[in-house]
Amino acid sequence: MSFLTLTNVSKFYGDTQAVSGFNLTVEKGEFISLLGPSGCGKTTTLQMIAGFEAVSGGRIELDGRDITHAKPNTRGLGIVFQTYALFPHMTVEQNVAFGLEMRKCGAAEKRDRVAQALSLVHLEKHGARYPRELSGGQRQRVALARALVIAPPVLLLDEPLSNLDAKLREEMQFELRDIQRKVGTTTIMVTHDQSEAMSISDRVVVMEAGHITQVGRPLNVYEHPANRFISTFVGKANLLEGQVVGAAGERADIAVGGMMLSLESTDTGLRGGGRVVLGLRPEKIRCTAPGQGRCNGEVVRRFFLGSQWMYEVETPLGLLSVLSANDGAEALEQGAAVGLAWSDYSLRLVSTARSDEGVAA
Amino acid sequence: MSAAGTTSVAPPVVSAAASDKAPGQRSLPWLMSAPAILLCTVMLLVPLVLTFVLSFNAYDAETGPKAGTFTLEHYAAVLTDPYYYGIFWRTLWISGLVTLICIVVGAPEAWILNRMRKPWRSIMLLVVLAPLMISVVVRAFGWSMLLGPEGLINGTLVALGFAKVKLLYTETAIVIALVHVMLPFMVIPVWTSLQKLDGGVANAALSLGASPVTVLRRIVLPQIMPGILSGSLIVFGLSASSFAIPGLLGGRRLKMMATIIYDEYLHELNWPLGAAIALLLLVANLVIMLGWNRMIERRYKKALG
């Protein structure tokens with residue numbers, strides 16, 4: 001049975017539609033990410049679940065209870081805000097204890113639960129400090145402890161890691177996931193960072209302009225992006241525009257830039273002559289000796305990324321980005337001739353003429 | 001005069017790094033603050049010292065103050081006469097009451113102002129600030145027209161069949177007019193501290209199960225307390241030393257400190273006695289305000305930094 005259900009939820013500001021037709025069911029204990037560029041409606045959706053934004057249409061149900069129009073202070077959800085929103089005039093302990101006080105929790109139980117929550121986020125020693133005496137990462141942990149101490153049915157995270165520096169953000173991603181696993185709280189996180197969404201969530205909900213465009217496991221979204229936007233927003237992709245020459249069963253031949261590429265696709269709608277966009281991930285392309293790959297090209301530019309090299313290779317298919325592991329082999333020089341190879345199933349159909357750029361194909 | 005108590009001149013800050021520099025550079029901070037120092041010295045310190053000296057000079061009804069003499073008789077006269085105690089007490093309670101009313105009216109006003117939408121907020125802020133743009137004398141006369149025996153309020157009461165109420169030349173009139181004048185000085189500091197408030201904080205408290213009233217009491221109020229307290233310092237100081245409003249709305253018989261000083265100087269021509277009262281007012285104001293300030297700091301410094 002689904003735990004949190006959003007049915008046809010929408011939000012209008014006057015004539016402007018911020019969110020529309022939002023349908024999602026969340027299972028108990030699941031970690032869901034709402035992923036999308038700024039202005040796509042993901043934060044508005046979270047605010048509606050939290051109760052800070054009125055719902056214009058649709059229903060939100062939590063554990064069988066209709067909370068569509070319930071007041072935010074009666075929903076009992078745990079929320080971590082982007083700015084953390086800690087109470088500046090209270091110590092860490094008082095911050096964490098606040099939710100328990102509102103629940104008229106006994107003194108002894110309160111003390112125990114606050115200590116437990118603080119040890120969960122490794123802040124046992126900082127209970128007597130004020131928020132302004134803590135670092136960004138520590139404030140983040142306090143905010144998390146404060147939201148979790150009330151044992152909420154659902155934890156809502158609004159861009160929780162966006163104010164942290166890159167290294168800390170990575171650490172916190174895994175810690176957040178560990179804590180969520182340990183506590184088992186159903187969690188919904190809003191983020192614009194695809195790698196964050198990929199690395200910690202069970203399912204990713206991709207949003208564009210107020211609509212859901214794809215829902216799926218991170219690997220699935222990455223490997224089978226539903227449209228052109230997602231293929232470039234979630235990871236990098238080389239987009240190849242071509243024309244269907246022939247299609248039979250699960251195979252199709254596509255002409256791109258004077259070359260013939262074969263595609264494995266379950267899309268039966270492909271007809272000869274139709275225009276399509278194919279996606280090819282940079283890390284799926286292998287560099288070979290010239291003449292031994294599927295096509296030849298010349299390295300135009302190269303970037304050193306530490307663990308990888310990124311080459312931009314001029315080919316008959318257009319300019320392709322290629323990621324190659326920094327595995328000790330000598331890197332290609334600028335201007336070097338190179339062969340490029342990939343397997344058939346690395347090539348993905350991103351969109352066809354009939355649903356170009358549109359809602360989920 | 002006692003408004004001087006609130007104006008402090010900070011010495012120019014010379015950092016450790018600056019002191020290593022050439023002498024010419026070291027004097028730069030002093031040079032730059034010279035105009036302000038000069039202004040404070042000429043306009044504030046010199047008159048204050050002169051008043052201080054004057055208050056110890058002997059007074060003769062025939063010839064006026066005698067320079068170069070020393071006596072404590074003026075202080076003794078003020079401190080032993082119940083008449084002055086009455087005026088002291090009236091000044092104290094009127095200023096305290098005005099401060100209290102300003103808190104009760106001004107803090108919610110600032111809160112509402114802060115929650116208003118774009119065009120209305122600037123308009124209402126202008127309305128709040130408007131009293132500051134009109135001369136205090138004009139405002140005082142405005143109130144005397146409203147509160148007078150034939151004024152709008154009594155006119156309305158009579159029209160409704162009630163008896164007339166004596167408002168003008170009462171303490172009530174002084175309090176009403178002072179609140180009107182002082183309100184901006186409460187609204188602005190509270191508004192400033194409200195703007196520093198993170199909007200998410202109230203939502204965070206709501207999400208943790210707090211009712212809107214609890215959010216106001218436990219989350220918003222403690223954070224705007226510094227604003228309320230600094231506002232009350234300004235309001236109290238200015239009320240206690242206010243002259244025009246008690247002068248025009250209190251009439252001849254209801255004296256406050258500033259008006260009695262004026263009387264001693266210009267009607268009795270007893271300058272030394274006026275100076276002594278002025279200095280006593282300054283000291284009383286300083287003691288009350290510094291004590292208040294210390295209490296605030298002790299209470300909120302740790303929590304709000």
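Order of the sequence lines fixes the chain letters, A, B, ..., with proteins taken first and strands second; residue numbering starts at 1 for each chain.
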Quiz item: At a heavy-atom separation under 4.5 Å, does A/Glu101 approach chain B through its side chain, its backbone, both, or neither?
Solution: side chain

Exercise. Tell me, yes or no, whether the heavy-atom count around B/Met32 atom CE, taken from other residues, nucleotides or ligands under 6.0 Å, exceeds 12.
Key: no

Exercise. Give, as side chain, backbone, both or neither, the part of A/Thr74 having an atom under 4.5 angstrom from any heavy atom of chain B.
Key: neither

Quiz item: Does CD in A/Gln17 sit with more than 12 non-hydrogen atoms of other residues, nucleotides or ligands closer than 6.0 Å?
Solution: yes

Quiz prompt | Flag if over 12 foreign heavy atoms under 6.0 Å of CE, B/Met43 | solution = no

Quiz item: Are any side-chain N or O atoms of A/His89 and backbone N or O atoms of B/Val220, one a donor and one an acceptor, separated by less than 3.5 Å?
Solution: no

Quiz item: Is chain B contacted by the side chain of A/Arg75, its backbone, both, or neither, given a heavy-atom distance below 4.5 Å?
Solution: neither

Exercise. Would you mind checking which part of A/Leu86 comes under 4.5 Å of any heavy atom in chain B, side chain (CB onward), backbone (N, CA, C, O), both or neither?
Key: backbone

Self-check item: Residues of residues 190-212 of chain B contacting chain A, heavy-atom criterion under 4.5 Å, by residue number
Solution: B/Asp198, B/Gly200, B/Val201, B/Asn203, B/Ala204, B/Ala205, B/Leu206, B/Ser207, B/Leu208, B/Gly209, B/Ala210, B/Ser211, B/Pro212

Quiz item: In terms of heavy-atom contacts, does CH2 of B/Trp93 have more than 12 from other residues, nucleotides or ligands at under 6.0 Å?
Solution: yes

Self-check item: Side chain / backbone / both / neither for A/Leu77 at chain B, heavy atoms under 4.5 Å
Solution: backbone

Quiz item: In Å, rounded to the nearest 0.5 Å, how long is the span from CZ of B/Arg218 to CZ of A/Phe98?
Solution: 5.0 Å

